[in-house]
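These notes are about the structure you will find just below.
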Number of protein chains: 2
Amino acid sequence: MKGSEHKNFIPNLSFDCVIFGFNGNLLKILILEYQNTGLFALPGGFVEENQSLDDAVKQGVKDRTGLDNVFLDQFYIFGEVNRADPEHMKRMLVANNDDTKENRWMLERFLTVGYYALINYEEVTPKPDHLSDSIGWYSIDELPKLMMDHNKIAEKALEVLRSNLSEKLIGMNLLPSKFTMKQLQLVFESVLDQQLRRTTFQRKMLSLDILERHEKLFQGKAHKAPYLYSFK
Amino acid sequence: MKGSEHKNFIPNLSFDCVIFGFNGNLLKILILEYQNTGLFALPGGFVEENQSLDDAVKQGVKDRTGLDNVFLDQFYIFGEVNRADPEHMKRMLVANNDDTKENRWMLERFLTVGYYALINYEEVTPKPDHLSDSIGWYSIDELPKLMMDHNKIAEKALEVLRSNLSEKLIGMNLLPSKFTMKQLQLVFESVLDQQLRRTTFQRKMLSLDILERHEKLFQGKAHKAPYLYSFK
DNA sequence: GGATTATTGTCGTAAAATGAGACAATAGGT
DNA sequence: ACCTATTGTCTCATTTTACGACAATAATCC
């Protein structure tokens, strides 16, 4: 009877999204806390029968965090048999008075597709959905214990982000459309978790011919004002 | 009633495997031809209810090609709504007299997980399973028209293999355990589809400190015999 | 207004990696 | 014994990166 009770969703398949943001200093991940359970989790969801996976994730991220128009990339499917502890899901359903027959399918085995998202921390305010009573940013090295295998999923997302950062030049998605060279360097340093040499970084970025230089940014500080850049 | 008729499989989810082999000259992919249909396809299959995805793929590759102990890596999940043409599946079922009620679930929408495999072309002989009447190697630039979106899947696999080759040093899986520098270079050249400079390649590989040098290989040719190497 | 301070943009030189070719060492063939 | 094709290594030029020097400058402090 797998999943047939809930006509809208592909059974046994979910997605979870690791949403990265950069607060100017630290790389953070968006975490939901479920009502009355003390359970922390990545925002995730299910795929409707006639909905593409990408659309489902786009929609799910919007529904659960209020974030729209987000850079999204699929990075792995987690297919271990016992990756999902049904006890977690059960606690969540009970706490929400959703522990009905129609929702028992959620207790089955699930494979989950991992996505990561990059967003401009400053320009958006995430909003929790009806299932969650809070939504919050957590530094990547100070994550709470997450439900099921979500810590593992977040770790893998960071790995993939690291290896994609320089190659695919996706760092821009963590910044406002105009930014200083220093900000860009801080993004690289946080993601790669290593210090970079200022002059080398600047020369490298400029030589790639991917940046457009704009007006200067006067920050009211007692020193030379940096230029603003955007990606071409 | 999704999938509930066939008690063993996760519904709406399949896998397909792009098996690469190198014949000493060209990079090739293993393709199945289904009995009495003229349909070509990548070897694939379904995931049992209590089987991990990785195990399902391992088992599936073994069942459908006879290949065992293969280097496997997951690279993408294809989740478009209309990616699978049910007409293809139907023809296949009819041709096998499998067009029974119990198998109708195979005509539904499927998401498929793409894996690629790297095997030593010379040491294994693929064998078709009962569904297929032939199994064959096809050069990556001379693939036949494959069923559903399998051509797209193969293309994506090659892309990922390309970007992983140097970074993750997986080329060895396409060669016997001992090989010459020339053979290794040919693998790189076929995968990357570009010529490499012999001396630069040799120096680079040796400097990486990943190769062990063994005895010379005497090929009966009128010139200096090359050393054999293996990966450390 | 002139000196002070912190940061930025740019350059120069050193070091490392890569490109491109030279050349001697072979394993056999003639 | 000489010839041929290929291999392993070296040298030198070029490119990329590391690392530090330095001048420009936006505000603040006398």
Side-chain angles (χ1 to χ4, degrees), chain A residues 22 24-25 162-163 165-169 171-172 175-232, chain B residues 22 24-25 162-163 165-169 171-172 175-232:
Chain A
F22 180 68
N25 185 28
R162 258 180 204 149
S163 79
L165 183 70
S166 312
E167 200 181 347
K168 300 186 182 168
L169 297 166
M172 57 178 134
L175 289 172
S177 59
K178 287 186 183 178
F179 48 85
T180 66
M181 193 62 77
K182 173 113 192 163
Q183 287 179 288
L184 187 59
Q185 185 179 342
L186 284 169
V187 165
F188 272 74
E189 290 181 336
S190 320
V191 172
L192 302 177
D193 195 27
Q194 62 173 330
Q195 299 294 108
L196 301 175
R197 200 157 288 276
R198 183 182 65 88
T199 56
T200 306
F201 181 80
Q202 175 133 342
R203 178 152 49 183
K204 181 71 183 167
M205 282 298 143
L206 292 178
S207 77
L208 288 178
D209 201 41
I210 53 171
L211 295 181
E212 195 143 3
R213 181 177 281 185
H214 301 282
E215 74 279 7
K216 290 187 169 189
L217 171 67
F218 297 93
Q219 293 160 302
K221 299 284 180 59
H223 55 71
K224 193 170 176 177
Y227 288 105
L228 285 169
Y229 297 88
S230 67
F231 278 86
K232 276 184 181 171
Chain B
F22 181 67
N25 186 26
R162 261 182 201 147
S163 79
L165 183 69
S166 313
E167 199 181 348
K168 299 186 182 168
L169 297 167
M172 57 179 132
L175 289 172
S177 60
K178 288 186 183 178
F179 48 85
T180 65
M181 194 60 78
K182 173 112 193 165
Q183 286 179 290
L184 187 59
Q185 185 179 341
L186 283 170
V187 165
F188 272 73
E189 290 181 334
S190 321
V191 172
L192 302 178
D193 194 27
Q194 61 174 333
Q195 299 294 108
L196 301 175
R197 202 155 286 275
R198 183 181 64 91
T199 56
T200 307
F201 181 80
Q202 175 134 341
R203 177 165 50 186
K204 181 71 184 169
M205 283 297 143
L206 292 177
S207 77
L208 287 178
D209 201 39
I210 54 170
L211 295 181
E212 196 143 3
R213 180 177 281 184
H214 302 282
E215 73 280 7
K216 289 188 170 189
L217 170 66
F218 297 93
Q219 293 161 303
K221 299 287 180 58
H223 54 72
K224 194 170 176 179
Y227 287 105
L228 285 168
Y229 297 87
S230 67
F231 279 85
K232 275 185 181 170

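Reckoned from all heavy atoms, side chains included, excluding hydrogens, waters and symmetry mates. Reminder, nothing fancy here: chain letters follow the sequence lines and each chain counts from 1. These figures come from a predicted structure and were not determined experimentally.
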Side chain to side chain donor-acceptor pair (under 3.5 Å) pairs, two or more places apart, involving residues 196-210 of chain A: Asp209(A)-Lys232(A)

message: For dT18(C) and Lys204(B) - does any side-chain N or O of the residue sit under 4.0 Å from the phosphate oxygens OP1/OP2?
response: yes

Within 6.0 Å of NZ in Lys221(B), more than 12 heavy atoms from elsewhere: no

- prompt: Are any of Arg197(B)'s side-chain N or O atoms less than 4.0 Å away from OP1 or OP2 of dA20(C)?
  reply: yes

- line: What one should report as the nearest heavy-atom pair of Leu165(A) and Gly171(A) is CD1-CA, 3.8 Å

field: Heavy-atom check, side chain of Tyr229(B) versus side chain of Leu206(B), under 4.5 Å
entry: yes

Got a list of protein N/O to nucleotides 9-15 of chain D N/O distances below 3.5 Å?
unit_1, atom_1, unit_2, atom_2, d
dT9(D), OP2, Arg213(B), NH2, 3.3

message: Just verifying a value: how many Å separate Phe231(B) CZ and Met205(B) CE, rounded to the nearest 0.5 Å?
response: 7.0 Å

task: Could you list by number each residue of residues 214-224 of chain B showing a heavy-atom separation from DNA chain C of less than 4.0 Å, or answer none if no residue does?
output: Lys216(B), Phe218(B), Gly220(B), Lys221(B), Ala222(B), His223(B), Lys224(B)

field: Residue-level proximity of residues 176-194 of chain B to DNA chain C when a heavy atom falls under 4.0 Å
entry: none

Which pairs would a plain distance check flag for residues 178-187 of chain A, meaning a side-chain donor or acceptor within less than 3.5 Å of a matching protein atom at least two apart in sequence or in another chain?
unit_1, atom_1, unit_2, atom_2, d
Lys178(A), NZ, Glu215(A), OE1, 3.4
Lys178(A), NZ, Glu215(A), OE2, 3.4
Thr180(A), OG1, Gln183(A), N, 3.2
Gln183(A), OE1, Thr180(A), N, 2.9
Gln185(A), NE2, Glu189(A), OE2, 3.1
Gln185(A), NE2, Leu196(A), O, 3.0

task: Output all residues satisfying side chain to side chain donor-acceptor pair (under 3.5 Å) with Ser230(B), sequence neighbours left out; order by chain, then residue number.
output: His214(B)

- request: Take atom CE of Met205(B) and atom C1' of dA17(C), then tell me their distance rounded to the nearest Å.
  value: 14 Å

Euclidean distance, atom CG of residue Leu228(B) to atom P of dT7(D) [Å, nearest integer]: 12 Å

